[in-house]
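The next block holds one structure in the form of structure tokens; read it before the comments.
Indexing begins at 1, ligand by ligand and atom by atom, following the structure's order.
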Amino acid sequence: MDTILLLAHVDPDGSLAKPAREALAAATSLKAALAGSTLCVGLVGADVQAAADAIAACGAERFVGVAGAAFAQSRYATDALAAEAICREMGATLILAAGTSRWCRTLPGVAHRLGGRADTHVTGLPVADGAVSIARWYYRQRMEATIRRTQRPWVMLVDPGCLEPWDGATGAASVRLIDVQPPAGCVRTVVSGFLTPAADAQTIRPDADLLFVAGAGWTKAQADGKAHVPEAAELILTFLRRTQASLGGSKSLVDLSGEGQSVLPFMTHLNQVGQTGATPRHPKGLATCCHGEEPHVVGWRFISERRAVNLDPNCGWARGKADVVYVADAFAVMRKVNALLAEQTSK
Ligand SMILES: Cc1cc2nc3c(=O)[nH]c(=O)nc-3n(C[C@H](O)[C@H](O)[C@H](O)COP(=O)(O)OP(=O)(O)OC[C@H]3O[C@@H](n4cnc5c(N)ncnc54)[C@H](O)[C@@H]3O)c2cc1C
């Protein structure tokens, strides 16, 4: 009989972030699918009680925590100690956690200490005939594999954005705290602060409903024979401000800066979508001035509804890669869309 453990680190305000609640949803569905299995929760943070109360109704039989100032921040040494102690205490065979940078750095090492195995980038946990598998993608999201392991414990890091987060009633959870003392010298790494761009300079928003992709066409000569890069930048930024969409770019556009050409100053390689870029997950995507070549579109694997605006009726999007292609000038389209959005917000 499997003991399923959901491991989560608690945010500084005592809450559980969305990726942790997504991993919890995976754990609860695994418990429902595996007859006779039990579910338990292990929490790590400065104070774990509020987080446990927030998920008290998730069906876990036991809650354990490792709490204290030393466990508040992300640090391999203390996170690994805490996670190992929780896994041993629970006798967990299937260990699920969100694929956050904090857990991705720590849990493979913990699996090694426990004599188990770890898999990252898990996108699904199908169960057939009482056996658990994981689904994950390989070769830049081109092939999906289903993997089973006999080795236990099995640590599974669930990719954020693949599952609906667990949502249920709060309650009063009884949390057993395990006393873990970090050895001297173990806490010598200290997070001294965060440097993040200003909120309106941050254009990558993984939780946005819409991915807006800008292609190199925005910087190319237009019908009048001239490029209109400042106007392009203004149109794109206005749209992003009004919709809070996430910004993606084609490789050609993000590479332009290296070629000394006019560029959109807010576009970096981090925005690149595609085979050699990111594979974001948003319910909808809108590509503008982007040709829709295969190495770019392969990064759209997980975008459910795709639309594109392109002057070229024979562009890649029109060849079965988008649900809707608007054959139009993206400058004119986005000018009109921004005006409509402004009207909507002024109402
Ligand atoms: C090994 C390898 C890996 C690669 N990896 C990636 C990757 O990860 N991501 C990626 O994006 N690419 C990748 N590429 C490059 C990819 O093949 C394309 O070259 C690139 O995506 C083209 O970018 P683009 O569509 O923005 O530019 P272009 O091909 O120059 O297309 C510009 C488009 O803008 C349109 N346009 C111009 N003006 C307007 C207007 N006013 N209104 C509407 N439309 C307009 C044009 O009709 C044209 O279709 C890779 C290539 C290789 C070989």
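- For the ring-ring contact (aromatic ring centres under 6.0 Å, His included) condition, the pairs that include at least one residue of residues 63-117, sequence neighbours left out, are His9-Trp103.
- Counting heavy atoms from C-beta outward, Leu34 and Met1 have side chains that stay 4.5 Å or more apart.
- Using a 4.0 Å cut-off between charged nitrogen and carboxylate oxygen, Asp79 and Arg102 count as a salt-bridge pair.
- Checked against side chain to side chain contact (heavy atoms under 4.5 Å, CB included), Ala67 has the following partners two or more places apart in sequence or in another chain: Val48, Leu177.
- Trp137 shares a hydrophobic cluster with Phe302; the chain of contacts runs through ILVMFWY side chains whose heavy atoms sit under 4.5 Å apart.
- In this structure, Gln49 contributes its side chain and Ala173 its backbone to a donor-acceptor pair below 3.5 Å.
- Among protein residues, Gly215, Ala216, Gly217, Lys220, Gln222, Ser250, Lys251, Ser252, Gln272, Val273, Gly274, Gln275, Thr276, Gly277, Cys289, Cys290, His291, Glu293, Pro295, His296, Val309, Asn310, Leu311, Asp312, Ala328, Asp329, Ala330, Phe331 come within 4.0 Å of ligand 1, judged on heavy atoms.
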